[in-house]
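Heads up, the thing below is written out as structure tokens.
Remember, it's a predicted structure, so these values are computed and weren't measured experimentally. Sequence lines set the chain letters: A, B, ... in the order given, protein chains first and strands last, and positions in each chain run from 1.
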Amino acid sequence: MNPAPDLDINYVANLARLALTDAEKGKFAQQLGDILHYVEKLKQVEVTGVEPMAHAAPVYNVWAADVAQPGLPVGAALQNAPAQRDNLIVVPKVVE
Amino acid sequence: MADELIFRPVAEVAALLDAKKISSVELLRAFVARKQAVDGRVQAFNSLDEAGALALAAASDARRAAGQARGPLEGIPVGFKDVIAVEGQPLTCSSRMLANFVSPYDATVTAKLKAAGAIPFGRLNMDEFAMGSSTENSAFGVTANPWDLTRVPGGSSGGSAAAVAAGEVPLALGSDTGGSIRQPAALCGLVGLKPTYGLVSRYGLAAFASSLDQIGTLAHTVEDAALLLGAIAGHDAHDSTSFKAEVPDYRAELAKRQGPWRLGVPKEFFGAGLDPEVGAAVKQAIEFYRSAGCAIKPVSLPLSAEYAIAVYYLIATAEASSNLARYDGIRYGHRSKAATDAIDIYAKSRAEGFGEEVKRRIILGTHVLSSGYYDAYYLRAQKVRTLIRGEFLRVFRECDALLSPTSPTAAFKIGEKSADPLAMYLSDIYTIGVNLAGLPGISVPCGFTGGGLPIGLQIIGQPFQEGALLAIARAYEQAHAWHTKHPALT
């Protein structure tokens, strides 16, 4: 039940772009500590020379013809945008 | 009439529709009435476009009258887990993040079902972004188990399972990343099928863990599962992990494929943590197969039993942290009104939009992918995953399928595990290895506890051998009557 020694919750929350409250940070550090201690058991497995597996599909590369396909119309693509104007998505200024 | 209709297997309802004994509109109204009567207590539905569904039912009746019926799912309502896109309908993933999102296009499975004449019927509750095993992690309320309203229906496809079990819809789609179809099927007394990874297109399924996610079916009977699988399976150029394979007529496979089969029983799946009543029911099911002439082989899956959960919670959270980066408050989804600049929009929108379990997994996944930890956690987990798949494939050299419990316990109480994430994760111990190895798995009802809660038998098949898997499940179902029992919901 110890917080994981190597989990820097502030650093990781910033990487994840997630504004956590202090209460969430305390709780997650504890709970994720338990989980990280649990997964330590993977160190017992001998994995020398074993290939990592990205997925279980017997598909390795998929080529598509280089031909333009119709996409979503602009109206449909923008219908869920939180803020829009003139067929564009509105965001705060990024460059002064 | 209405009560008989709502629990009738779809294969029989289709015959009634064909014989014009009932219309699709009448059928749909029976399910609407049932939903109105019971969903206040079950809370399986996030939303239902009743008028839209009725219009599609009327169109189906018109096709049938014109001799243009499209097959066995013509005019049959199908519920959708609220993670699969249906054009013009909400897609919330049971998250505040997508509370107002409306799908601009159909998922491939949706387009296929529409082409088969089926009628999308409702958006069904789930754990937020499919992260959970109880449907308690929904932003829109907890779904109850129709067999005991104080208990969970399982998850993450808990709304899909509860809706079918309660007779609110005859069939439903779910998604299964670590057991999210099979476990709720077991806890609600249904047939739940997770197909082989790559058999069903994931295009239009909101991504959780892309190397593990697979769309599958919840139904009352194995034959109904076969019908629904047949309608949604097949190669799709929109999903690069979709497999180019012939899709057989799975209902015909049921008749064609006869045992006896060679069935493996992994000894590690009957150890500590397994509820004695669940273990006894599953062992009786194994004895049924033995008495039917099947060869029952004790097998061993030590790596899967010991390490699958650890591997899963590293790989699934890593993939989730990457997939859920798209919810940034810019192009769609919740945008914080308190944000001042671009970075602030990301961090605050995500903080306000995501629930606790989703945040926890994003943090874990980000950590295990971060510089300095990637090799120790994520890469090592991917290597152990290779070993786990190899272990399953070795066992399949001498077995057609494997038998085990689906879940170590029957349905647990609402609130019982929600404060302890690790305890919740451990409830997926028998189902998770199947996703890591990309195999098909099915849960079929195999009895009840003394308290009247359903128990599920898991059958694990060889890759792309859904025909055999369904036939093995059907052999058990035909010799038992569990699937004919329904919750009273009085």
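To the nearest 0.5 Å, the span separating CG on Leu436(B) from CE on Met53(A) amounts to 7.0 Å. We find the CD1-OG1 distance between Ile35(A) and Thr317(B) to be 8.5 Å, quoted to the nearest 0.5 Å. Once rounded to the nearest 0.5 Å, the distance linking CG of Asn14(A) with CD1 of Ile343(B) reads 8.5 Å.
Per-residue counts of heavy-atom pairs under 4.5 Å with chain A were compared for Ile315(B), Leu98(B), Thr241(B); the largest is that of Thr241(B). Of the residues considered (Tyr373(B), Tyr313(B), Phe354(B)), Tyr373(B) shows the highest number of contacts with chain A, using heavy-atom pairs under 4.5 Å. Among Ser336(B), Gly333(B), Pro104(B), the residue with the largest count of heavy-atom pairs under 4.5 Å with chain A is Pro104(B). Between chain B and the options Ala64(A), Ala54(A), Ala76(A), heavy-atom pairs under 4.5 Å are most frequent for Ala54(A). If you tally non-hydrogen atom pairs under 4.5 Å between each of Leu20(A), Asn61(A), Leu78(A), Val50(A) and chain B, the highest count goes to Val50(A). Your options are Val45(A), Leu42(A), Val39(A), and the one with the most heavy-atom pairs under 4.5 Å with chain B is Leu42(A). In terms of heavy-atom pairs under 4.5 Å with chain A, the best-connected choice from Lys348(B), Arg389(B), His334(B) is Arg389(B). By number of non-hydrogen pairs under 4.5 angstrom with chain A, the leading residue of Thr196(B), Leu199(B), Leu314(B), Leu379(B) is Leu314(B). In terms of non-hydrogen atom pairs under 4.5 Å with chain A, the most contact-rich of Asp344(B), Ile309(B), Asp328(B) is Ile309(B).
Between Val94(A) and Ala342(B), the shortest heavy-atom distance links the atoms CG1-CB, 4.1 Å. Of all non-hydrogen atoms in Val12(A) and His367(B), the two that sit nearest each other are CG1-N, 3.8 Å. In this structure, Pro52(A) and Thr386(B) approach most closely via the heavy-atom pair C-OG1, 3.6 Å. In terms of heavy atoms, Leu387(B) sits closest to Glu46(A) at CD1-O, 3.8 Å. The shortest non-hydrogen separation linking Gly438(B) to Ala56(A) is CA-CB, 3.5 Å. The nearest pair of heavy atoms linking Ser240(B) to Val62(A) is O-CG2, 3.3 Å.
By the 4.0 Å N-to-carboxylate-O rule, Lys383(B) lies too far from Glu51(A) to be salt-bridged with it. A salt bridge between Glu356(B) and Lys27(A) is present, with a side-chain N of the basic residue lying under 4.0 Å from a carboxylate O of the acidic one.
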| side-chain contact (heavy atoms from CB on, under 4.5 Å) assessment of Leu18(A) paired with Tyr346(B) | CA-CA 7 Å; Leu18(A) 201 47; Tyr346(B) 306 153; over 6 Å; no
| said: If you apply the rule side-chain contact (heavy atoms from CB on, under 4.5 Å), what do you find for Arg335(B) with Val91(A), and how did you get there? | reply: CA-CA 10 Å; Arg335(B) 182 185 289 190; Val91(A) 293; 3.9 Å; yes
| message | Test side-chain contact (heavy atoms from CB on, under 4.5 Å) on Leu364(B) and Leu36(A); report intermediate values, then the result. | response | CA-CA 9 Å; Leu364(B) 180 59; Leu36(A) 289 168; 3.8 Å; yes
| query | Passes side-chain contact (heavy atoms from CB on, under 4.5 Å), Arg360(B) versus Leu32(A)? Steps please. | reply | CA-CA 8 Å; Arg360(B) 190 159 36 233; Leu32(A) 296 176; 3.6 Å; yes
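Contacts between Glu352(B) and chain A at a heavy-atom distance below 4.5 Å are absent for every atom of the residue. For Ser322(B), no part sits under 4.5 Å from any heavy atom of chain A, backbone or side chain. Residue Ala245(B): no heavy atom, backbone or side chain, is found under 4.5 Å from chain A. Contacts of Ala339(B) with chain A are absent, with no heavy-atom separation under 4.5 Å from either backbone or side chain. Contact annotation for Tyr378(B): neither backbone nor side-chain heavy atoms come within less than 4.5 Å of a heavy atom of chain A. There is no contact between Gln84(A) and chain B, counting heavy-atom distances below 4.5 Å. Only the side chain of Tyr105(B) comes within contact range of chain A, judged by heavy atoms closer than 4.5 Å. With a 4.5 angstrom heavy-atom cutoff, Ser242(B) touches chain A only via backbone atoms.
Contact annotation: the side chain of Leu426(B) approaches that of Tyr38(A) to within less than 4.5 Å [non-hydrogen atoms, C-beta and beyond]. A 4.5 Å side-chain heavy-atom check between Pro92(A) and Ile345(B) finds at least one atom pair inside the cut-off. Contact of the Tyr327(B) side chain with the Arg17(A) side chain is not registered, since no non-hydrogen atoms from C-beta on lie closer than 4.5 Å.
Within 6.0 Å of CG in Asn100(B) there are 12 or fewer heavy atoms belonging to other residues, nucleotides or ligands. The neighbour count for Lys244(B) NZ, taken as heavy atoms of other residues, nucleotides or ligands under 6.0 Å away, does not exceed 12.
In this structure, a donor-acceptor pair under 3.5 Å is present between the side chains of Tyr307(B) and Gln44(A).
Not a single donor-acceptor pair under 3.5 Å links the side chain of Gln31(A) to the backbone N or O of Pro421(B). With Asp341(B) contributing its side chain and Lys93(A) its backbone, the two residues share no donor-acceptor pair below 3.5 Å.
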